[in-house]
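Here the structure comes first, spelled out in structure tokens, and everything after it is commentary.
Start at 1 with the first residue, then count along the sequence.
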Amino acid sequence: MDITDTWQELIIPGGKIVYLVMDGLGGLGSEETGRTALDTAETPNLDALAHDSSCGLLEMVGPGITPGSGPGHLALFGYDPLRWRIGRGVLSALGIDFPLQPGDLAARVNFASINSAGEITDRRAGRIPTELNQRLCAKIQDALDLDFDGEAFLKTESQHRAVLVLRSPDADALSDDLPETDPQTTGRPPIPMEPQSDQAKVAAEVVAQFLEQADAAIADEQPANALLLRGFQRHEVLPGLQERFGLKGLCIAEYPMYRGLSRLLGMDVAEPPTGMDALFESFEQQVGDDHDFYFLHVKGTDSTGEDGNVTEKGAVIEEVDRRIPWLLEQQPDVLVVTGDHSTPAMMSAHSWHPVPVLLHAQHARRDAAQRFDETSCLKGALGLRPGFHLLGLALGHAGRMKKFGA
């Protein structure tokens, strides 16, 4: 039991909550300027909003722990990611509307580039077009001949990413106690597929077979001539936002993984928006409906950070900033602006650094933060706190929790 179970006992009807999540928002000061993308960007509207809100920093998993996007978003939605663990494969499968069944084993797939020495030269194969991904998935699927009493599905997600799902007639046959084959760096070969426990031997053998046959099928392709796997997990049903916190949620996100996580938590999912304008237009069309929790997801801050491009990351933040006045006109009872983890452009990767957050509501305490950036938020009223505490604050500020005790 954790504090979120107590929230569940206190839930009452109340106001509407909007989460605006800029993926990978947090950063580190560059060597040239000492400033982060958020600090460098021109953000007059976010700065004014921070001045009129409670601000702070969130540790999404724990001190020094670098979060994946799945754990980061789980924390934002009130699920302690150390208690509720979800593999990236399950999220990706749900994000493309794959009909997962209990016991299915899912993994996230990266098409990658490997040289003649077997070393990874590009973990994302140059972010190949989705159309090429679809052709390669079909080519691999046609070549598969696994010694396995079950089924294997390889489906396109987006660009260089795909999803592998293994399904056995025995729902308990496939363990997810498997290593990731992606070493998360270049200049090294993929990590061998070895079971991490006796229960995972069957799954490891099937996955090893799959990789051998898949890599052989695309060995003559360029730039995508190999597969990397991570985020293994068996699919199990989780209690949703409605059950736990009385929230009828709506996800507005373009990228499949975030749509998949939202479905897993029982949210409705809007049609995927294409671009920033479509994201906010979709919210405008939905805001008057019967949902009381809205999740708006911006991906560009993360992808530009992973590309090491601090200028472009700042430009995405400025795009969001220009839409803040319009967002406030929709009059949410609670507006939260934050990220799911930090992706410093100078590291070109996720990091463990706490993430800036602001919470705007009628009864939010105004604090010393004058800008919306990492340094200013450190001075805020919310302080440094676990990421999964955020939803409790949002519920309280929306008047959605009754008094605890006499």
Side-chain angles (χ1 to χ4, degrees), residues 20-51 53 55-61 63-69 72 110 112-113 120-127 159-160 182-188 223 255 275-276 297-324 337-358 367-380 382-384 387:
L20 174 57
V21 178
M22 287 183 269
D23 204 295
L25 176 63
L28 284 176
S30 71
E31 294 179 357
E32 295 79 12
T33 67
R35 302 173 70 186
T36 68
L38 186 57
D39 188 30
T40 304
E42 294 292 331
T43 55
N45 297 307
L46 283 167
D47 293 343
L49 186 60
H51 182 64
S53 303
C55 297
L57 295 173
L58 301 176
E59 282 187 329
M60 307 315 296
V61 180
I65 299 175
T66 298
S69 293
N110 265 27
S113 304
I120 301 165
T121 58
D122 188 337
R123 294 177 50 246
R124 303 180 181 91
R127 297 188 186 274
Q159 294 183 319
H160 58 286
D182 184 355
Q184 302 279 325
T185 188
T186 57
R188 293 176 53 187
Y255 209 80
M276 196 78 74
H297 181 266
V298 175
K299 178 63 176 173
T301 35
D302 183 51
S303 53
T304 52
E306 288 185 336
D307 289 341
N309 195 328
V310 67
T311 301
E312 285 302 312
K313 183 173 179 178
V316 176
I317 294 169
E318 290 176 354
E319 272 197 83
V320 173
D321 183 79
R322 288 191 286 272
R323 292 163 173 83
I324 293 298
V337 182
T338 189
D340 60 329
H341 55 77
S342 291
T343 306
M346 68 176 296
M347 295 176 66
S348 300
H350 292 200
S351 78
W352 59 93
H353 299 91
V355 184
V357 60
L358 69 79
D367 53 40
Q370 300 297 309
R371 300 194 64 223
F372 186 57
D373 60 36
E374 294 85 350
T375 302
S376 295
C377 285
L378 184 60
K379 306 171 187 175
L382 301 183
L384 174 65

Checklist entry - In Å and rounded to the nearest 0.5 Å, what is the OG to CG distance from S53 to D367? => result 8.0 Å
Checklist entry - Below 4.5 Å, heavy atoms only, C-beta onward: do M346 and V310 meet side chain to side chain? => result no
Checklist entry - Atom CG of L57 and atom CG of L384: how far apart are they, to the nearest 0.5 Å? => result 6.0 Å
Checklist entry - S113 and A125: which non-hydrogen atoms are nearest, and at how many Å? => result OG-CA, 3.5 Å
Item to check | Pairwise distance NE2(H350) to CG(D23) - rounded to 0.5 angstrom | outcome: 6.5 Å
Checklist entry - Taking side chain as C-beta onward, heavy atoms only, is H341 less than 4.5 Å from T66? => result no
Checklist entry - Any luck finding a side-chain donor-acceptor pair between S376 and Q370 under 3.5 Å? => result no
Next on the checklist: Quick check: closest heavy atoms across P67 and G72, and the distance to 0.1 Å?
Outcome noted: CB-N, 4.4 Å
Checklist entry - Are any of the side-chain heavy atoms of D307 and S348 separated by less than 4.5 Å? => result no
Checklist entry - Can a salt bridge be assigned to the pair R371 and D39 using a cut-off of 4.0 Å between side-chain N and carboxylate O? => result yes
Checklist entry - Going by heavy atoms in the side chains, are H353 and M347 under 4.5 Å from each other? => result yes
Item to check | Derivation of the side chain to side chain contact (heavy atoms under 4.5 Å, CB included) call for N110 and R124 | outcome: CA-CA 6 Å; N110 265 27; R124 303 180 181 91; 4.1 Å; yes
Checklist entry - Would F372 and T43 count as a side chain to side chain contact (heavy atoms under 4.5 Å, CB included) if you check the C-alpha gap in whole Å, the side-chain angles of each, and the deciding distance to 0.1 Å? => result CA-CA 8 Å; F372 186 57; T43 55; 5.5 Å; no
Checklist entry - side chain to side chain contact (heavy atoms under 4.5 Å, CB included) between T40 and K313: does it pass, once the steps are laid out? => result CA-CA 10 Å; T40 304; K313 183 173 179 178; over 6 Å; no
Checklist entry - Looking at side-chain heavy atoms only, is the closest gap between C55 and L358 below 4.5 Å? => result yes
Next on the checklist: Looking at E318 and E42, would you say the former's side chain and the latter's main chain have a donor-acceptor pair under 3.5 Å?
Outcome noted: yes
Checklist entry - Given side chains that start at C-beta, do those of V355 and D340 come closer than 4.5 Å, heavy atoms only? => result no
Item to check | Main-chain N/O of G27 paired with E374 side-chain donor or acceptor, under 3.5 Å | outcome: yes
Checklist entry - Are T301 and T343 close enough that some pair of their side-chain heavy atoms sits under 4.5 Å apart? => result no
Checklist entry - From D302 CG over to L25 CG, what is the distance, rounded to the nearest 0.5 angstrom? => result 10.5 Å
Checklist entry - To the nearest 0.5 Å, how far apart are CZ in R127 and NE2 in H160? => result 5.0 Å
Checklist entry - Given L46 and M22, is the side chain to side chain contact (heavy atoms under 4.5 Å, CB included) satisfied, shown in steps? => result CA-CA 12 Å; L46 283 167; M22 287 183 269; 4.3 Å; yes
Checklist entry - Where is the tightest heavy-atom contact between T338 and P356, given as atom of each residue plus distance? => result OG1-O, 2.8 Å
Next on the checklist: Working to the nearest 0.5 angstrom, can you tell me the gap between D373 CG and D47 CG?
Outcome noted: 7.0 Å
Item to check | Polar side-chain atom of S342 near backbone of S351 as donor-acceptor pair, under 3.5 Å | outcome: no
Next on the checklist: Please give me the minimum heavy-atom distance between C377 and V357, naming the atom from each residue.
Outcome noted: SG-O, 4.0 Å
